[in-house]
Amino acid sequence: MKGKFPVEKFAQLRTPFYYYDTELLRETLQTINREAGRHEGFCVHYAVKANANPKLLRIIRQAGLGADCVSGGEIEAAIKAGFPSDKIVFAGVGKSDWEIELGLANDIFCFNVESLPELEVINELAAARGKTARVAFRINPDVGAHTHANITTGLAENKFGIAMRDMETVIERAHELTNVSFVGLHFHIGSQILDMGDFQALCNRVNDLQDQLERHHIRVDNINVGGGLGIDYQHPNRVPMADFKAYFDTFAKQLKLRPGQLLHFELGRAVVAPCGSLITRTLYIKEGASKKFAIVDAGMTDLIRPALYQAYHKIENLSSEEPNDVYDVVGPICESSDVFSKQVDLNRAHRGDLMAIRSAGAYGEIMASQYNCRRLPEGYISDDF
């Protein structure tokens with residue numbers, strides 16, 4: 001992969017910036033469609049929160065994926081990119097009135113509802129428009145995931161979803177309301193999950209809940225299992241794509257779908273993370289008492305994951321083929337947490353060298369901030385070069 005970067009063209013651009021390998025993105029989308037397409041009734045939505053770069057959204061839309069949105073702004077971005085409204089789902093624990101109105105105005109596929117008060121507000125706003133809103137209930141399955149505590153979402157202690165004990169009550173309430181239509185159940189247990197056993201546990205819980213509902217003669221047309229599939233951050237060159245076959249096969253084998261049911265997925269990180277890199281320029285090599293620092297012009301404002309989650313991203317020196325040396329790669333922000341990696345082996349670095357911080361296509365550009373009054377990073381795709 002290191003040789004695939006157009007380094008000479010990078011040298012002409014202001015750093016830091018994001019670079020997306022669209023060949024890898026398209027290959028990833030083809031693999032998703034192939035593996036999901038092997039199973040009847042599988043529908044894949046892209047989780048826009050991972051990266052809303054308009055150029056990437058258009059490529060993902062062209063591949064036929066739907067859109068999973070968690071804000072009104074994401075709905076607007078999806079519609080602008082050409083995603084059909086009937087493939088847009090809208091989740092989020094705190095939907096404001098204008099966001100619900102936006103979803104109603106565009107006749108989106110469904111709202112993933114997370115509380116009874118939210119259901120009643122959607123019914124009220126839909127009634128004012130003379131519409132019927134399709135709703136799925138996000139159920140908190142109390143299933144843990146082997147991932148960082150900040151990105152688990154399926155435990156009873158998390159803020160997301162409706163408790164399992166309240167599931168029948170809210171479904172019954174939906175049937176009483178005149179301007180909502182109950183169309184399914186929604187689940188999501190976390191992010192960056194690599195252990196298929198976590199997804200198997202979710203399948204077991206969904207199977208039990210479906211059995212429970214059927215004992216009360218409640219039919220569910222759509223099951224949405226969210227996303228959460230992780231990628232290999234350690235080896236982006238050797239393992240450039242998530243294991244989509246194992247992922248979809250797990251649900252095909254373990255989830256007991258009923259005849260005619262559709263199964264929805266909301267993949268984000270696994271779609272876009274591998275294709276993206278943060279390109280940054282080395283400002284200084286600083287030698288301390290016991291270590292060397294490679295100080296680069298990107299910071300936690302451009303990629304916050306290492307500071308927020310202690311996340312690992314492989315770093316490559318694109319400008320040097322010299323023997324390796326060991327560095328702490330740090331940014332210019334006035335925070336001690338502004339560190340991309342410690343004690344990392346890199347080809348010997350010099351002022352002006354370009355570094356690639358890999359697997360940064362998800363939760364990178366989209367989470368960038370202007371702290372310290374810094375400019376937001378530009379995003380380029382390989383098609384541009």
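What you see is a predicted model; the values in this text were computed from it and never measured. Counting from 1, the numbers follow the sequence of the chain as shown.
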Who pairs with F17 by ring pair (Phe, Tyr, Trp, His ring centres under 6.0 Å), at least two apart in sequence or on another chain?
-> F10, Y380

Could you tell me whether a side-chain N or O of E35 sits under 3.5 Å from a main-chain N or O of I32, the two making a donor and an acceptor?
-> no

Main-chain N/O of I279 paired to S277 side chain as donor or acceptor, under 3.5 Å = no

R258: side-chain contact (heavy atoms from CB on, under 4.5 Å) partners, not counting sequence neighbours = Q210, D211, E214, R219, K256, Q261

Please list, chain by chain and in numerical order, all residues satisfying ring pair (Phe, Tyr, Trp, His ring centres under 6.0 Å) with Y327, sequence neighbours excluded.
-> none

Residue pairs passing the side-chain hydrogen bond (donor to acceptor under 3.5 Å, both in side chains) test where at least one lies in residues 59-79, sequence neighbours excluded | none

Short N-O contact, K342 and D328, less than 4.0 angstrom = no

Please tell me if the side chains of I381 and L56 come closer than 4.5 Å, counting only heavy atoms from C-beta onward.
-> yes

Can you see which heavy atom on N123 is nearest to which on N179, and at what distance?
-> OD1-N, 2.8 Å

Atom CG of N224 and atom CG of L185: how far apart are they, to the nearest 0.5 Å?
-> 9.5 Å

For T301 and R374, test the side chains for any donor-to-acceptor distance below 3.5 angstrom and give the result as yes or no.
-> yes

F248: ring pair (Phe, Tyr, Trp, His ring centres under 6.0 Å) partners, not counting sequence neighbours = F265

Mind checking whether V135 and L119 have side chains closer than 4.5 Å, heavy atoms only?
-> yes

Aromatic ring pairing Y20/Y18, orientation class (parallel under 30°, perpendicular over 60°, tilted between) | parallel

Test side-chain hydrogen bond (donor to acceptor under 3.5 Å, both in side chains) applied to D297 and T280, step by step = CA-CA 6 Å; D297 61 2; T280 181; 2.6 Å; yes

Looking at side-chain heavy atoms only, is the closest gap between D198 and I189 below 4.5 Å?
-> yes

Pairwise side-chain contact, R269 with S191, heavy-atom cut-off 4.5 Å (strictly under) = yes

Strictly by modelled atom types, are Y371 and E335 linked by a side-chain donor-acceptor pair under 3.5 Å?
-> yes

Which side-chain N or O atoms in residues 81-93 pair as donor and acceptor under 3.5 Å with protein atoms at least two apart or in another chain?
from	atom 1	to	atom 2	distance (Å)
S85	OG	N106	O	3.0
K87	NZ	G64	O	2.9

F187, F111, F182 screened by ring pair (Phe, Tyr, Trp, His ring centres under 6.0 Å) with F137, the one that passes = F182

Can you sort out the partners of L262 under side-chain contact (heavy atoms from CB on, under 4.5 Å), two or more places apart, ordered by chain and number?
-> C43, N222, H264

What pairs with D232 under side-chain contact (heavy atoms from CB on, under 4.5 Å), at least two apart in sequence or on another chain?
-> Q234, H235, V239

Closest contact, heavy atoms only, A242 versus G230 = CB-O, 3.5 Å

Do other residues, nucleotides or ligands put more than 12 heavy atoms under 6.0 Å from the CD atom of E8?
-> no

Apply the test side-chain hydrogen bond (donor to acceptor under 3.5 Å, both in side chains) to residues E172 and T169: give CA-CA distance (whole Å), side-chain angles for both, the deciding distance (0.1 Å), then the verdict.
-> CA-CA 5 Å; E172 290 171 2; T169 300; 5.3 Å; no

D325 and K292 ion-paired at < 4.0 Å | yes

Check: A298 main-chain N/O paired with D302 side-chain donor or acceptor under 3.5 Å | no

Checking side-chain hydrogen bond (donor to acceptor under 3.5 Å, both in side chains) for the pair E316/N237: CA distance, chi angles, key distance, verdict?
-> CA-CA 11 Å; E316 296 175 348; N237 298 323; 3.1 Å; yes

All salt bridge (charged side-chain N to carboxylate O under 4.0 Å, His left out) counterparts of K245, not counting sequence neighbours = D249

Evaluate side-chain hydrogen bond (donor to acceptor under 3.5 Å, both in side chains) for N317 paired with D353, printing each intermediate quantity in order.
-> CA-CA 7 Å; N317 187 341; D353 283 359; 3.1 Å; yes

So, for L255 and V225, which heavy atoms are closest and what is the spacing to 0.1 Å?
-> CD2-CG1, 4.4 Å

Which residues share a side-chain contact (heavy atoms from CB on, under 4.5 Å) with A63, sequence neighbours left out = L29, N33, L65

Using a strict cut-off of less than 4.0 Å between a Lys/Arg side-chain nitrogen and an Asp/Glu carboxylate oxygen, indicate whether K55 and D383 qualify as a salt bridge.
-> no

Kindly give the heavy-atom pair with the smallest separation between A270 and I231, and that separation in Å.
-> CA-CG2, 3.8 Å

Nearest 0.5 Å please: distance from the OG1 atom of T15 over to the CG atom of L283.
-> 7.5 Å

Counting only heavy atoms not in K131, do more than 12 sit closer than 6.0 Å to its NZ atom?
-> yes

Kindly state each residue pair satisfying ring pair (Phe, Tyr, Trp, His ring centres under 6.0 Å) with at least one member in residues 211-234, sequence neighbours excluded.
-> Y233-H313

Those residues that, when tested against E101, pass salt bridge (charged side-chain N to carboxylate O under 4.0 Å, His left out) (two or more places apart) | R129

Is any NZ, NE, NH1 or NH2 atom of the basic residue among R26 and E23 found under 4.0 Å from an Asp or Glu carboxylate oxygen of the other?
-> no

Heavy atoms from other residues, nucleotides or ligands near CD of E40 exceed 12 (cutoff 6.0 Å) | no

Member of I59, L24, T28, L25 meeting the side chain to side chain contact (heavy atoms under 4.5 Å, CB included) criterion with V272 = L25

Any side-chain heavy-atom pair from V296 and F293 closer than 4.5 angstrom?
-> no

Validation row: H350, T282 side chains within 4.5 angstrom (heavy atoms) | no

Heavy-atom closest contact (T132 atom, T178 atom, distance) | OG1-O, 4.2 Å

